[in-house]
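Data first, discussion second: the structure below is written as structure tokens.
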Amino acid sequence: MQLLDGKIVSQAVKNELREKTDQLKADNKRLPHLAAILIGNDGASETYVASKIKNCEEAGFKSSMYRFNTDTNEDTIIAKIEELNNDDEVDGILVQLPLPKHISEEKIINIIDPLKDVDGFHPISVGKLVQGLPTFIPATPYGVMLMLEHYKIETAGKFAVVIGRSNIVGRPMSILLSQNTNPGNCTVTLCHSRTTNLKEICLQADIIVAALGKVSFLTADMVKENAVVIDVGITRVEDATKKSGFKIKGDVDFENVAPKCSYITPVPGGVGLMTIAALLKNTYHAYIQKNNS
Ligand SMILES: NC(=O)c1ccc[n+]([C@@H]2O[C@H](COP(=O)([O-])OP(=O)(O)OC[C@H]3O[C@@H](n4cnc5c(N)ncnc54)[C@H](OP(=O)(O)O)[C@@H]3O)[C@@H](O)[C@H]2O)c1
């Protein structure tokens with residue numbers, strides 16, 4: 001069994017981007033700029049945004065963070081996004097999800113300029129992704145693809161099972177794995193909470209991507225020998241021994257599944273780090289696209 005190490009791969013991505021931004025600096029050019037909007041004070045969201053900003057710094061990007069109280073009205077957020085859409089110095093706009101209930105996720109996503117949609121959630125980005133056209137790919141599935149590519153994992157002709165059909169992870173993951181690309185060219189089955197024979201389907205899989213948000217859901221009896229297992233799940237579980245009061249757990253029963261796998265991602269230290277690396281890559285693409293237009 002080999003670990004798919006998100007630390008190593010994300011660092012390689014950041015180093016590559018850092019080289020490019022060092023060159024931009026040397027040439028006295030403007031640097032890529034990510035603007036992040038955070039509404040409310042959800043602990044996990046705060047951690048994610050702080051980490052995205054820190055990683056921007058490591059890659060030599062400029063970043064801005066705009067914080068709003070939970071009860072901020074929708075119009076205020078829309079006005080801020082429009083301002084950022086019109087700001088020539090901003091390349092990527094990120095609105096951290098989930099949003100407070102009174103703010104429509106759909107409206108907010110749709111208002112972001114598709115050329116700055118570095119999360120890849122805008123319908124135009126999704127449409128292009130489905131058609132296999134160049135676009136911003138949602139960061140988590142993009143990060144998984146970068147990891148498969150880094151470790152040169154053979155995917156062509158393999159049977160891949162994705163558990164979870166959300167717009168941000170499972171569905172785009174299934175599309176990417178099925179595309180005529182490398183990595184890609186898998187035969188894909190997308191499973192969800194209404195799938196009746198999940199265990200039988202998983203037992204046939206060469207590659208399993210677990211993205212459902214249920215701690216240790218994928219157990220050893222659901223995985224065939226030598227499978228590749230990608231754990232997207234991130235759930236905070238109470239742990240009094242930790243300073244934070246919690247630990248992060250994935251969707252895979254790692255201890256028992258790992259011995260059966262050819263490759264497996266750890267949690268933490270796997271897909272989560274790749275998600276941020278992929279976001280940085282999208283921001284750099286946005287910057288290049290803007291400068292070439
Ligand atoms: N590593 C990262 O960077 C990263 C990024 C994003 C999300 N995540 C994590 O990934 C997990 C999934 O996130 P998400 O936003 O995709 O979640 P989500 O929107 O809640 O979607 C969960 C999906 O799992 C399916 N599901 C739930 N219970 C199931 C079951 N028993 N059997 C089969 N399928 C089941 C649901 O099916 P239905 O559609 O039928 O309800 C749904 O499609 C979470 O732990 C989240 O924190 C991690």
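Nothing fancy with the numbering, it's 1 onward along the sequence. Atoms within each ligand, like the ligands themselves, are counted from 1 in listed order. Because only heavy atoms are used, hydrogens play no part in the values below, and waters and symmetry mates are left out as well, while side chains stay in.
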Counting each atom of ligand 1 from 1 as listed, which ones have a heavy atom of [X] under 4.0 Å away?
| X | answer |
| --- | --- |
| Lys214 | 28 (N) |
| Gly164 | 23 (C), 24 (O), 25 (C), 43 (O) |
| Val169 | 6 (C), 7 (C), 16 (O) |
| Thr275 | 2 (C), 3 (O) |
| Ile163 | 33 (C), 34 (N) |

Please write down residue, atom name and distance for the protein heavy atom closest to [atom].
| atom | result |
| --- | --- |
| atom 44 (C) of ligand 1 | Gly213 CA, 3.6 Å |
| atom 29 (C) of ligand 1 | Leu212 CD1, 3.5 Å |
| atom 34 (N) of ligand 1 | His192 C, 3.1 Å |
| atom 31 (N) of ligand 1 | Phe217 CE1, 3.4 Å |
| atom 38 (P) of ligand 1 | Ser193 OG, 3.5 Å |

For ligand 1, is [X] a contact, meaning one of its heavy atoms is under 4.0 Å away?
| X | result |
| --- | --- |
| Ala211 | yes |
| Gly170 | no |
| Thr195 | no |

Looking at [Y] and [X], is any side-chain nitrogen of the basic one under 4.0 Å from a carboxylate oxygen of the acidic one?
| X | Y | answer |
| --- | --- | --- |
| Glu16 | Lys281 | yes |
| Glu58 | Lys54 | yes |
| Glu57 | Lys14 | no |
| Arg30 | Asp91 | yes |

Original post:
Do protein heavy atoms approach atom 14 (P) of ligand 1 to less than 4.0 Å?
Top reply: yes
Rounded to the nearest 0.5 Å, how far does [atom2] of [Y] lie from [atom1] of [X]?
| X | Y | atom1 | atom2 | result |
| --- | --- | --- | --- | --- |
| Glu106 | Asn167 | CD | CG | 10.0 Å |
| Met65 | Ile53 | CE | CD1 | 6.0 Å |
| His122 | Ile93 | NE2 | CD1 | 10.5 Å |
| Ile230 | Ile163 | CD1 | CD1 | 12.0 Å |

Original post:
Under the salt bridge (Lys or Arg N to Asp or Glu O under 4.0 Å) criterion, do Glu89 and Lys290 qualify, and how do the steps go?
Top reply: CA-CA 10 Å; Glu89 305 269 299; Lys290 189 135 163 283; over 6 Å; no
**OP:** Please tell me if the side chains of Thr265 and Val229 come closer than 4.5 Å, counting only heavy atoms from C-beta onward.
**Re:** no
Side-chain donor-acceptor pairs under 3.5 Å in residues 139-149, sequence neighbours left out?
unit_1, atom_1, unit_2, atom_2, d
Thr140, OG1, Thr275, OG1, 3.1

Subject >> Of the listed options Thr140, Ile230, Ile168, closest to atom 4 (C) of ligand 1 (non-hydrogen atoms) >> reply: Thr140
Polar proximity ligand 1 side, [X] side, N/O cut 3.5 Å exclusive:
| X | value |
| --- | --- |
| Arg165 | yes |
| Val232 | yes |
| Ile234 | yes |
| Ser166 | yes |

**OP:** Report the hydrophobic cluster partners of Ile124, with the cluster defined as I, L, V, M, F, W, Y residues connected by side-chain heavy atoms closer than 4.5 angstrom, directly or transitively.
**Re:** none
